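Have a look at the structure below before the remarks.
Treat the numbers as computed from the prediction; the structure is a model and nothing was measured.
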Amino acid sequence: DALYVGGDYFNIGGASRIFLSKLALNGGVDIGWANSSIGGIGVTALATDGASLYVARDGIAGSTMRIDQYPTGGSGAPSPNWSIQVDAPPRTLSASGSMITIGGEFDRAAAQLRAGVARVDAAALLQPELSAELPGVVYAFAQQSDGGVLVGGWFRRAGTQVRRSLLKLTSTGELDPSWQMGVDGV
């Protein structure tokens, strides 16, 4: 068991670590997990499915903003063949089963149009079933027991439907028309 910590830092618990660290549950830094591959500005979101850690990283002009996969039992190196690029900062991640949901400020994920929200599978393949385009910023996900996901952020619509700041996607990625939570403001 471990705790993963991401952010914009260069040192944690007296150990030199850049943006991403693995801590033992007793609070010590796992020195055997020596991540050195994070570039850009820092880590903006983390999610795990138990076997893998998914890491969203921000970037600066000219650098890559992306989500990488790290085996939780590994040495801190990212999986060489798993990476999703986005064109603006990713802000939140959710891992459920074999699906990873990405939210943020982006318009494109894996070079395809996906405004604010995208879903990929364990093989890093962009999933076509996510129908809700959310122009704005997605900040939070809450996985639901029925397989759906609540999405919170700063947006006014989902596709052509009015949805202000809060909505629910079904387990198949469709906007749930029966779930409407009126939010006054964004």
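With Tyr70 as reference, Pro78 is the one residue of Ser79, Ser52, Pro78 to meet the side chain to side chain contact (heavy atoms under 4.5 Å, CB included) rule.
The closest donor-acceptor contact from the side chain of Gln127 to the backbone of Leu125 lies under 3.5 Å. Of the possible donor and acceptor atoms, one in the side chain of Thr44 sits under 3.5 Å from a partner among the backbone N and O of Pro90. For Lys22 (side chain) and Thr72 (main-chain N/O), a donor-acceptor pair under 3.5 Å exists by modelled atom type. Listed for the Gln143 side chain is no donor-acceptor partner under 3.5 Å among the backbone atoms of Phe141. A donor-acceptor pair under 3.5 Å links the side-chain atoms of Ser165 to the main chain of Gly153, judged by distance alone.
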Test Asp146 against Lys168 for side chain to side chain contact (heavy atoms under 4.5 Å, CB included), laying out the working first. CA-CA 11 Å; Asp146 64 0; Lys168 182 178 180 183; 2.7 Å; yes
Begin with the C-alpha distance, continue with both residues' side-chain angles, and end with the deciding distance and a verdict on side chain to side chain contact (heavy atoms under 4.5 Å, CB included) for Leu20 and Leu53. CA-CA 11 Å; Leu20 181 63; Leu53 173 69; 4.3 Å; yes
What do the steps show when you test Arg91 against Asp58 for side chain to side chain contact (heavy atoms under 4.5 Å, CB included), and what is the final call? CA-CA 8 Å; Arg91 297 293 177 211; Asp58 206 342; 3.5 Å; yes
Between Arg108 and Asp87, does a salt bridge (Lys or Arg N to Asp or Glu O under 4.0 Å) hold up when you go through it step by step? CA-CA 6 Å; Arg108 292 184 172 276; Asp87 66 352; 5.1 Å; no
Show your reasoning for whether side chain to side chain contact (heavy atoms under 4.5 Å, CB included) applies to Met181 and Arg163. CA-CA 8 Å; Met181 184 63 56; Arg163 293 291 191 278; over 6 Å; no
List the steps and the verdict of side chain to side chain donor-acceptor pair (under 3.5 Å) for Thr170 and Asp176. CA-CA 6 Å; Thr170 65; Asp176 187 337; over 6 Å; no
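The heavy-atom pair separating Leu46 from Gly6 by the smallest distance is CD1-N, 3.6 Å. The two residues Trp82 and Ile67 make their nearest non-hydrogen contact at CZ3-O, 3.5 Å. Taking all atoms of both residues into account, the shortest heavy-atom contact from Val29 to Ala15 is CG1-CB, 3.9 Å. Nearest heavy-atom pair, Ala95 versus Ala47, reported as atom, atom and distance to 0.1 Å: N-CB, 3.9 Å.
The side-chain heavy atoms of Tyr54 and Asp68, taken from C-beta on, include no pair separated by under 4.5 Å. Residues Gln144 and Leu150 are in side-chain contact: their nearest non-hydrogen atoms beyond the backbone lie under 4.5 Å apart. Using a 4.5 Å cut-off on side-chain heavy atoms (C-beta onward), Val55 and Tyr4 make no contact. Side-chain atoms of Ile84 and Leu126, non-hydrogen and from C-beta on, never get closer than 4.5 Å to each other.
Side-chain atoms of Thr101 and Arg119 form a donor-acceptor pair, as typed in the model, at a separation below 3.5 Å.
Under the 4.5 Å side-chain heavy-atom criterion for ILVMFWY residues, no single connected hydrophobic cluster contains both Val5 and Val43.
Counting non-hydrogen atoms of other residues, nucleotides and ligands closer than 6.0 Å to CG of Leu3 gives a total above 12.
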